[in-house]
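See structure below.
Index from 1, following the sequence.
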Amino acid sequence: MYDPENQYRCTIIRGKAQKDLDNLLPSYSNFINKMCPTDKESFNDIFNDYLSEIFYDTKYEDLSSNNQKTIRNHITEIAGKLFGLYYSEGDLILESESCSKLVEDNDQPAFFKNLCLNFQFPNGTQKIQTIQERIDNQIKFKPFHFILAILKLAKVKKVVLNKDEISYYVLNSKDVLQGEVSPNEVLETIISRREKGDIRKLEVSSYNTQHIREQLNLLELSNLIRIQGNDLILNSLEHIAIELFIKKVDSPLAFDIYSYNLSTKEEKDKMYEDWSEYFGKVNVSDYNLLSTSIEALQQKEEDLEPKKDKKKGIDHTILGDEGEEYVFNIEKERVSAFNPRFTNKVIMLGKQRGIGYDISSVEANENIQDPEFARFIEVKSTKRTTVPSLDDKSWVDTINLTRKEWVAAKQYKTAYNIYRVYFTPNETIIRKINNPFDKSEKGIISVLPTMYRMDFFSKSIDKQY
């Protein structure tokens with residue numbers, strides 16, 4: 001029998017505020033992508049200094065012990081355990097598959113979808129005493145699968161569930177956490193008690209609610225739900241990804257932590273290593289099933305039913321096209337408002353590979369003295385669920401440029417601009433970086449070569465097999 005009053009607090013690794021997680025993810029992932037594979041000592045030394053410069057404008061060795069502890073927490077607890085961006089094999093640090101996918105497609109909600117798909121209780125992110133205590137209590141649960149399943153059932157019944165109900169009846173319920181109760185049983189209990197006026201919820205305190213908030217943050221960062229006040233709203237335009245979760249709600253834990261003998265050091269170490277490798281994997285047959293369309297990201301409250309996808313294909317290509325089209329229209333409006341005669345000078349060139357920019361435009365209202373001066377625009381787009389604030393100390397972003405793009409930046413200098421497009425649920429914003437070559441020369445931005453072309457000839461060959 002389902003007993004909701006049989007409560008059990010199941011915590012996760014403590015993260016940061018939702019926007020901070022969104023801000024930190026690209027800076028972590030791009031660093032790890034550039035560094036790995038590498039040895040542990042090099043990884044720690046360089047990552048320490050990298051984050052110390054971002055947060056404190058100084059080297060790691062010059063920080064106080066408390067600030068050093070903060071930096072290490074970023075690297076081990078958030079980048080490593082919570083995000084699963086890297087894992088170790090002996091003395092080697094390797095980039096996770098989910099990290100490389102994020103760097104490739106700039107789809108942060110897709111990264112969080114994959115994280116939520118892999119997440120479970122118990123898991124290998126915490127101390128062995130905590131893990132063993134959960135095993136002793138027979139915890140076997142995939143929280144995000146269950147939440148999406150119950151929200152889908154509730155939507156069919158035209159019921160809107162709230163954070164208090166999910167907290168009390170799901171994420172803090174021992175019977176549910178043991179995998180003994182179905183989403184339908186929980187929903188029927190909630191509806192029945194609502195009708196009787198029997199309202200139950202956790203006592204409001206950081207101790208009681210922090211672990212709930214951390215989990216719901218991850219689900220919202222995945223773009224699978226919206227939190228409106230106290231209500232949890234399923235994002236219907238993410239129906240493909242949501243069905244992936246629901247299909248696996250009743251299946252056994254993907255990572256069988258019960259198969260390890262955690263009383264021995266060898267087995268304990270193996271469990272932690274295996275979990276770390278598992279957690280960063282892409283465990284779906286087709287990663288594009290997790291991709292986030294602009295329509296799904298910017299779903300409005302009135303969009304109640306799933307719509308036919310506007311475009312199909314490899315998502316990072318679609319994202320680039322969407323960004324270029326958005327900037328092209330913005331540029332046309334800006335130039336036309338200044339002088340309609342200049343409108344035809346805004347030209348889309350994104351399909352012409354090798355020229356180093358996507359759009360040719362003119363200065364117009366941003367250079368009154370010489371409004372017809374050329375402006376060359378390279379568009380770089382990304383998707384995330386929060387708007388990055390320029391006031392956030394933790395915010396740092398990274399883009400990848402081709403050799404042609406960097407040559408164009410060097411050649412055109414003040415006429416060359418990078419437009420970074422952020423597609424978010426509430427708005428789409430553009431941040432312009434003018435003359436990135438000059439900024440690089442002055443140390444305002446950091447540009448590092450990350451690929452090398454090797455030409456070799458017949459005389460270079462040592463042996464043919």
Fill in: side chain to side chain donor-acceptor pair (under 3.5 Å) against Glu243, all qualifying residues, sequence neighbours excluded
Lys152
Worksheet item: So do Phe112 and Leu117 actually touch side chain to side chain, heavy atoms under 4.5 Å?
Response: no
Worksheet item: Under 3.5 Å, is there a donor-acceptor pair between the side chain of Asn329 and the main chain of Glu325?
Response: yes
Fill in: All side chain to side chain contact (heavy atoms under 4.5 Å, CB included) counterparts of Ile355, not counting sequence neighbours
Leu349, Gln352, Tyr357
Worksheet item: Do the side chain of Thr382 and the main chain of Asn106 share a donor and acceptor less than 3.5 angstrom apart?
Response: yes
Worksheet entry | Lys383-Ser293 side chain donor-acceptor pair, cut-off 3.5 Å | no
Worksheet item: At what distance, to the nearest 0.5 angstrom, does CG of Asn114 lie from NZ of Lys101?
Response: 10.0 Å
Fill in: Derivation of the side chain to side chain contact (heavy atoms under 4.5 Å, CB included) call for Glu324 and Val421
CA-CA 9 Å; Glu324 290 169 23; Val421 181; over 6 Å; no
Worksheet entry | Thr428 side chain to Gln298 side chain, donor-acceptor N/O pair below 3.5 angstrom | yes
Item to complete: Of all the heavy-atom pairs spanning Ile445 and Pro436, show the shortest one and how long it is.
Response: CD1-O, 3.3 Å
Fill in: side chain to side chain contact (heavy atoms under 4.5 Å, CB included) partners of Lys413, counting only residues at least two apart
Asn435, Phe437
Worksheet entry | Trace of the side chain to side chain donor-acceptor pair (under 3.5 Å) decision for Tyr287 with Glu97 | CA-CA 11 Å; Tyr287 187 76; Glu97 188 179 5; over 6 Å; no
Response to the item:
For Glu95, the side chain to side chain contact (heavy atoms under 4.5 Å, CB included) test, sequence neighbours excluded, returns Ile32, Asn33, Cys36, Cys99, Ser100
Worksheet item: Hey, are Lys163 and Glu165 close enough for a salt bridge, meaning a charged N less than 4.0 Å from a carboxylate O?
Response: no
Worksheet item: Under 4.5 Å between any side-chain heavy atoms of Leu234 and Ile242, yes or no?
Response: yes
Worksheet entry | For Lys16, all residues meeting salt bridge (charged side-chain N to carboxylate O under 4.0 Å, His left out), sequence neighbours excluded | none
Fill in: Student check: side-chain heavy atoms of Asn48 and Ile75 closer than 4.5 Å
yes
Worksheet item: Do side-chain atoms of Asp370 reach the backbone of Phe373 as a donor and acceptor pair under 3.5 angstrom?
Response: no
Practice prompt. Would you please name every residue forming a side chain to side chain contact (heavy atoms under 4.5 Å, CB included) with Gln369, sequence neighbours left out?
Written response: Asn367
Practice prompt. Take Asn123 and Arg134 through the side chain to side chain donor-acceptor pair (under 3.5 Å) test and state the conclusion after the steps.
Written response: CA-CA 9 Å; Asn123 58 65; Arg134 288 178 181 168; 5.6 Å; no
Worksheet item: Are there more than 12 heavy atoms of other residues, nucleotides or ligands under 6.0 Å from atom CD of Glu427?
Response: yes
Discussion item. Please evaluate residues Lys113 and Thr292 with respect to the criterion side chain to side chain donor-acceptor pair (under 3.5 Å), reporting the C-alpha separation (whole Å), side-chain torsions for both, the decisive distance (0.1 Å), and the verdict.
Written reply: CA-CA 10 Å; Lys113 290 189 190 89; Thr292 312; 2.7 Å; yes
Practice prompt. Sequence neighbours left out, what passes side chain to side chain donor-acceptor pair (under 3.5 Å) with Ser98? Give chain and number order.
Written response: Ser96
Worksheet item: Judged by atom type as modelled, is there a donor-acceptor pair below 3.5 Å linking the side chain of Lys142 to the main-chain atoms of Lys248?
Response: yes
Practice prompt. Would you please say whether a donor-acceptor pair under 3.5 Å links the side chains of Ser276 and Lys81?
Written response: no
Worksheet, complete the sentence: In terms of heavy-atom contacts, Cys10 and Ile139 come closest through SG-CG2, 4.3 Å
Practice prompt. Given side chain to side chain donor-acceptor pair (under 3.5 Å), test Gln18 with Arg213 step by step and report yes or no.
Written response: CA-CA 10 Å; Gln18 190 180 93; Arg213 182 174 64 253; over 6 Å; no
Worksheet entry | Partners passing side chain to side chain donor-acceptor pair (under 3.5 Å) against Glu366 (at least two apart in sequence or in another chain) | Arg375, Lys432
Worksheet item: Any sub-3.5 Å donor-acceptor pair from Tyr60's side-chain atoms to Asn44's backbone N or O?
Response: no
Item to complete: Would you check if the side chain of Asn118 reaches a backbone N or O of Phe279 as a donor-acceptor pair within less than 3.5 Å?
Response: yes
Practice prompt. Verify ring pair (Phe, Tyr, Trp, His ring centres under 6.0 Å) between Tyr272 and Trp275, making sure each step is shown before the conclusion.
Written response: CA-CA 5 Å; Tyr272 277 125; Trp275 167 264; 9.7 Å; no
Discussion item. Tell me if a side-chain donor or acceptor on Asn208 pairs with a main-chain N or O of Glu203 at a distance below 3.5 Å.
Written reply: yes
Worksheet item: Taking the side chain as C-beta and beyond, is there a heavy-atom pair between His145 and Ile246 under 4.5 Å?
Response: no
Worksheet item: Would you call the rings of Phe31 and Tyr50 parallel, tilted or perpendicular if under 30° counts as parallel and over 60° as perpendicular?
Response: parallel
Worksheet item: Is any side-chain heavy atom of Arg420 closer than 4.5 Å to a side-chain heavy atom of Ile429?
Response: no
Worksheet entry | Atom of Pro26, atom of Val396 and distance for their closest heavy-atom approach | CG-O, 4.1 Å
Discussion item. Can you see whether Tyr169 has Arg200 sitting over its ring - NZ or CZ less than 6.0 Å from the centre and within 45° of the normal?
Written reply: no
Item to complete: Could you verify whether a donor N or O on one side chain and an acceptor N or O on the other, from Asn365 and Arg334, lie under 3.5 Å apart?
Response: yes
Worksheet item: Does the Lys140 side chain pair with the main chain of Phe121, one donor and one acceptor, at a distance under 3.5 Å?
Response: no
Item to complete: Kindly indicate whether the side chain of Leu177, heavy atoms from C-beta on, has any atom under 4.5 Å from the side chain of Leu171.
Response: no
Item to complete: Could I get the full list of side chain to side chain donor-acceptor pair (under 3.5 Å) partners for Lys158, not counting sequence neighbours?
Response: none
Worksheet item: What pairs with Asp438 under salt bridge (charged side-chain N to carboxylate O under 4.0 Å, His left out), at least two apart in sequence or on another chain?
Response: Lys442
Item to complete: Under the salt bridge (charged side-chain N to carboxylate O under 4.0 Å, His left out) rule, collect the residues that match up with Glu372, sequence neighbours excluded.
Response: Lys345
Discussion item. Within the 4.5 Å heavy-atom criterion, are Val284 and Asp286 side-chain neighbours or not?
Written reply: no
Item to complete: Answer whether the closest heavy-atom distance between the side chains of Phe245 and Leu224 falls below 4.5 Å.
Response: yes
Worksheet, complete the sentence: Of all heavy-atom pairs linking Ala374 and Glu363, the shortest is O-OE2, 4.2 Å
Worksheet item: Is the backbone N or O of Thr414 less than 3.5 Å from a side-chain atom of Asn434, with the two atoms forming a donor-acceptor pair by type?
Response: yes
Practice prompt. Check whether the side chains of Asn417 and Glu378 place a donor and an acceptor atom closer than 3.5 Å, and report yes or no.
Written response: no
Item to complete: Please name the pair of heavy atoms, one in Phe328 and one in Val346, separated by the smallest distance, quoted to 0.1 Å.
Response: CE1-O, 3.4 Å
Item to complete: For Arg14, look at atom CZ and say whether over 12 heavy atoms of other residues, nucleotides or ligands are found less than 6.0 Å away.
Response: no
Worksheet item: Mind checking what makes salt bridge (charged side-chain N to carboxylate O under 4.0 Å, His left out) contact with Asp358, not counting sequence neighbours?
Response: none
Practice prompt. Output yes when a side-chain donor or acceptor of Gln108 lies under 3.5 Å from a complementary backbone atom of Asp22, and no otherwise.
Written response: yes
Item to complete: Identify the two heavy atoms, one from Lys19 and one from Ser389, that lie closest to each other, and give their separation to 0.1 Å.
Response: NZ-CB, 4.4 Å
